[in-house]
**Q** 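Would you mind keeping the following structure in view while I ask a few things?
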2 protein chains.
Amino acid sequence: MQPPANVLQHIARHIDLEPAEEKCFLDMLSPRSLKARELLLDEGEVCRHSAFVTRGCLRGYTIDQNGYEHVLQFAPPNWWIADMYSLITQKPGTLIIEALEDSEVLLLSKTDQEQLYRDVPQFERFFRIITENSLVTNRQRVLDNLSLTASQRYEAFCHRYPTLIDTLPQKQIAAYIGVTPEFFSKMKAGLKK
Amino acid sequence: MQPPANVLQHIARHIDLEPAEEKCFLDMLSPRSLKARELLLDEGEVCRHSAFVTRGCLRGYTIDQNGYEHVLQFAPPNWWIADMYSLITQKPGTLIIEALEDSEVLLLSKTDQEQLYRDVPQFERFFRIITENSLVTNRQRVLDNLSLTASQRYEAFCHRYPTLIDTLPQKQIAAYIGVTPEFFSKMKAGLKK
DNA sequence: GCCAGCCAATAACCTAGATTAAGAAGCCAT
DNA sequence: ATGGCTTCTTAATCTAGGTTATTGGCTGGC
């Protein structure tokens, strides 16, 4: 399990808020607890919230035509998670968001988020910045998938999610770096030699 | 070659500006012409501008340890291109941005962009939105790389860049979908049957 | 204390796509 | 037109990683 997280500290890393603005923001958040394996969002649903993780760990993944899972993102405390496509378009998405262990999140609804942009324009900046960072990470991942071997991608994973290496089942890591659990096992055995 | 593009029309799709604000923005842009194969940004340089393409076509790519090229993005008219990582951190990046044909771009420097955020806060929103869209696209691409075969990725490419299918050399498309030009050629021959 | 589900490991075999090499075909610029 | 590029194609061989199947260990609920 991860240490608890504080939203305001997280936000203060990018923008400065007045106490009243902080309150306005906090009032929009609704806490929610999730049991291990509980879904925050299922395939085919419209994503109506961004979630900020305060405890536990979630993952966002999809299931392909052959039934294989592919993990797009892990979300330990202090990370945001949502089906960005569905959140923007308000159309049904393909992402499944699931708690990997008992977890707690703060939900910010899309309508509240839009209201927030109007009331506290600084949040426009805040979400621009974290979206930019997320984009950089994703671009690097595209590159990694194009140019690295499986074990190099595993190294990259260890670098990106150092806290998760030992707590996560191997099959989840395999579904993130893009190999089968069988090959992942073989690969790890080979790495030690 | 692509039709010419208009920045203001492009921006008006997401935000409404006063004439004075439009002028403020336009004054920050400096046009630049590029010959085919000319570089807008080389490996190891610090990226100091975002570029909006008005004519021609650019590509952003990297070269891996084995000397293979991997295309992260094509930029036909009306697209922005930059090494986001380097632009944010102002550290040397790995992206190479090259004109694939004679092209024209409008450059917005990082310092001007930051000034713009202060002078016309609406641009904070504008760039948040296009960054969000870009993120959605990139996430889909990660998924495509994890779950699709080469020819399915080619289909996805055709869908994403319909105007480029016939104008681009095959090797560039191969470097985008993540196969060798040799395999791409074999694959295309196979598709017709 | 036992059964049911996970999860990891190993092994034999299989395939998508890489590698290497060689020509053929287009496209300039002189 | 001709020599030098770059691009495209074909083909033989090779390999990273997938597939299928079996085993055994661990955990958690009743």
Side-chain angles (χ1 to χ4, degrees), chain A residues 1 35-39 57 59 61 63-71 74 98-102 142-157 164-193, chain B residues 1 35-39 57 59 61 63-71 74 98-102 142-157 164-193:
Chain A
M1 212 189 42
K35 294 264 174 206
R37 303 207 188 172
E38 197 178 344
L39 300 190
C57 184
R59 65 164 177 152
Y61 71 101
I63 300 179
D64 70 21
Q65 307 144 321
N66 306 315
Y68 292 106
E69 297 183 357
H70 303 282
V71 175
F74 294 111
E98 179 199 50
L100 287 166
E101 50 186 284
D102 292 354
V142 169
L143 257 186
D144 288 354
N145 286 338
L146 290 177
S147 62
L148 302 183
T149 64
S151 67
Q152 289 172 323
R153 269 175 281 144
Y154 176 54
E155 271 184 60
F157 165 85
L164 300 183
I165 303 170
D166 298 317
T167 62
L168 232 45
Q170 288 191 10
K171 58 176 297 197
Q172 300 299 346
I173 302 180
Y176 179 91
I177 67 173
V179 294
T180 58
E182 293 84 355
F183 182 77
F184 187 74
S185 174
K186 183 161 68 172
M187 193 189 80
K188 275 191 69 176
L191 281 183
K192 288 172 193 160
K193 287 163 202 164
Chain B
M1 211 188 42
K35 294 266 174 202
R37 304 207 186 173
E38 197 178 343
L39 299 190
C57 184
R59 64 166 178 153
Y61 71 100
I63 301 179
D64 71 20
Q65 307 144 322
N66 306 316
Y68 292 105
E69 297 182 358
H70 303 282
V71 174
F74 294 110
E98 178 199 49
L100 287 166
E101 50 186 284
D102 293 353
V142 169
L143 258 187
D144 289 353
N145 286 337
L146 291 176
S147 62
L148 301 183
T149 64
S151 68
Q152 289 171 322
R153 269 176 280 145
Y154 176 54
E155 271 184 61
F157 165 84
L164 299 184
I165 303 169
D166 298 317
T167 63
L168 231 46
Q170 288 191 9
K171 58 177 297 200
Q172 300 298 344
I173 302 179
Y176 179 91
I177 67 174
V179 294
T180 57
E182 291 84 355
F183 182 76
F184 187 74
S185 174
K186 183 161 66 172
M187 194 189 79
K188 275 193 70 175
L191 280 183
K192 288 172 194 163
K193 287 164 202 164

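Below, chains carry the letters A, B, ... as their sequence lines are ordered, and counting in each starts from 1. Hydrogens, waters and symmetry mates play no part in the numbers below; they use all other heavy atoms, side chains included.
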**Q** What's the CG-C1' distance between B/Leu100 and D/dT7, to the nearest Å?
**A**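 Spelled out: CG on B/Leu100 to C1' on D/dT7 is 14 Å.
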
**Q** Taking the minimum atom-to-atom distance to the side chain of B/Phe183, which one of D/dT9, C/dA8, C/dG17 wins?
**A**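 It is C/dG17.
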
**Q** Please report, rounded to the nearest Å, how far the P atom of C/dA9 is from the CE atom of A/Met187.
**A**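 It is 11 Å, rounded to the nearest whole Å.
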
**Q** Would you kindly give the NZ-to-C1' distance between B/Lys188 and C/dG17, to the nearest whole Å?
**A**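 From B/Lys188 NZ to C/dG17 C1': 18 Å.
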
**Q** So which heavy atom on A/Ala150 is nearest to which on A/Ile177, and how close?
**A** O-CD1, 3.9 Å

**Q** Taking the side chain of B/Val179 as its heavy atoms from C-beta onward, which of C/dG17, D/dT6, D/dC8 lies nearest to it?
**A** C/dG17

**Q** Provide, to the nearest angstrom, the distance between the NZ atom belonging to B/Lys186 and the C1' atom belonging to D/dA11.
**A** 9 Å

**Q** Heavy atoms only: give me the nearest A/Phe74-A/Arg59 pair and the separation to one decimal.
**A** CD2-CB, 3.8 Å

**Q** Without decimals, in angstroms, what is the distance between A/Tyr154 OH and D/dG17 C1'?
**A** 18 Å

**Q** Return the 5'-most residue of the pair A/Glu182, A/Leu148 with respect to DNA chain D, ranking by each residue's nearest nucleotide.
**A**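 The residue whose closest nucleotide sits nearer the 5' end is A/Leu148.
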
**Q** What is the distance from NZ of A/Lys171 to P of D/dG25, rounded to the nearest Å?
**A**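 Taking atom P of D/dG25 as the reference, NZ of A/Lys171 is at 20 Å.
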
**Q** Does the pair B/Leu164 and B/Cys57 meet the rule for a side chain to side chain contact (heavy atoms under 4.5 Å, CB included), with working shown?
**A** CA-CA 9 Å; B/Leu164 299 184; B/Cys57 184; 4.1 Å; yes

**Q** Check A/Leu146 against B/Ala175 and note the closest heavy-atom contact, atom names and distance.
**A**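 Smallest interatomic distance, heavy atoms only, reads CD1-O, 4.5 Å.
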
**Q** Taking only side-chain N and O atoms of A/Thr180, does any of them lie within less than 4.0 angstrom of OP1 or OP2 on D/dG18?
**A**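 So the side chain of A/Thr180 is within the cut-off, an N or O lying under 4.0 Å from OP1 or OP2 of D/dG18.
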
**Q** Please report, rounded to the nearest Å, how far the P atom of D/dT7 is from the CD atom of B/Glu101.
**A** 14 Å

**Q** For the residue pair B/Ile165 and B/Ile173, what are the closest heavy atoms and their distance?
**A**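 Smallest interatomic distance, heavy atoms only, reads O-CD1, 3.8 Å.
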
**Q** Output yes when at least one side-chain N/O atom of B/Gln170 is less than 4.0 Å from OP1 or OP2 of D/dT9, else no.
**A** yes

**Q** Using a cut-off of less than 4.0 Å, is there contact between a side-chain N or O of A/Arg153 and OP1 or OP2 of D/dG17?
**A**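 The answer is yes; a side-chain N or O of A/Arg153 sits under 4.0 Å from OP1 or OP2.
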
**Q** Between B/Phe184 (CZ) and C/dA18 (P), how many Å, whole number?
**A** 12 Å

**Q** Does B/Tyr68 place a side-chain N or O at less than 4.0 Å from the phosphate oxygens OP1/OP2 of C/dT19?
**A**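 For C/dT19, OP1 or OP2 has a side-chain N or O of B/Tyr68 closer than 4.0 Å.
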
